[in-house]
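Structure, as structure tokens:
In this chain, numbering begins with 1 at the start of the sequence shown.
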Amino acid sequence: MVMMESMGVPVPAEACIITASLYSLKTHHLAIEGVALAAILGAVIGDNFGYLIGRKVGLPLLRKYGGRIGLTEDRLILGQYLFRHHGSAIVFIGRFISLLRVFVAILAGACQMAWPRFMVFNALGGTCWAGGYALGTYALGKKISEVSGPSGIAIGVLTAIGLVASGMFLKKNEARLTQKALEEARAEGELPSAPGSHPQGAQ
């Protein structure tokens, strides 16, 4: 599941890691170290496949067919904007943003990012994200299970609130960055001006 998501298929890899980690905690049928390692390998290997896909098919085919898997024109423009302005950092940071995580490797290949540089930041991001989610979920679940009564309920509620708030923040951030990317693309003539807008100096 993690490998498929990293290749550009929009499947719930994050939920899969969390579920496997909690299963490991509750049943001990899986070793948490194995869950973390599998998640990391899936993330790194899947991203390399995604990079190769992006490198081979390029932006034209992504523009033509990307909408079928959620890679809209706006998201393509957002991806180009991020790579143009932030380079390697977006490969690492994009791992932690759910909507970008699916497409970041494909966009890196399509934007002709150097593979050695991509590989370094891809490995770092995949290790921190996949390993962090697996081990963090396990540790948090273990801590909650050790606390009983109102304290345990309070920790669970606060965790849920934190997850919802994080999701809302990331969604808002994506919208803000997309707007900036669209404005820059219009300014550079890559897109037509927005309806109702006028060139600078026009009366």
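The number of heavy atoms from other shown groups lying within 6.0 Å of CE (Met3) does not exceed 12.
Note: Ile93 CD1 to Phe121 CZ = 10.0 Å, rounded to the nearest 0.5 Å. Taken from CG in Leu30 to CG in Leu22, the straight-line distance is 11.5 Å, to the nearest 0.5 Å. The distance from atom CD1 of Ile53 to atom CD1 of Ile106, rounded to the nearest 0.5 Å, is 5.5 Å.
Trp115 pairs with exactly one of Val120, Asn48, Asn122 by the side-chain contact (heavy atoms from CB on, under 4.5 Å) rule, that one being Asn48. Results of the side-chain contact (heavy atoms from CB on, under 4.5 Å) test with Glu14 over Glu5, Met1, Arg101 single out Arg101 as the only residue that passes.
Without hydrogens or angle criteria, Ser24 side chain to Ala20 main chain gives no donor-acceptor distance under 3.5 Å. Although no hydrogens or angles enter the test, the distance criterion places no donor-acceptor pair under 3.5 Å between the side chain of Ser6 and the main chain of Gly46. Under a 3.5 Å cut-off, the side chain of Arg95 and the backbone N or O of Cys128 do not form any donor-acceptor pair.
Scanning both residues, Ser21 and Val35, for their nearest heavy atoms gives OG-CG1, 3.9 Å.
The shortest distance between side-chain heavy atoms of Ile32 and Leu25 does not fall below 4.5 Å. Here the side chains of Trp129 and Ile17 are in contact, with some heavy-atom distance below 4.5 Å. Taking 4.5 Å as the limit, some side-chain heavy atom of Met119 sits within range of a side-chain heavy atom of Val44.
The aromatic rings of Tyr51 and Phe118 lie parallel to each other, with less than 30° between the two planes, well short of the 60° mark.
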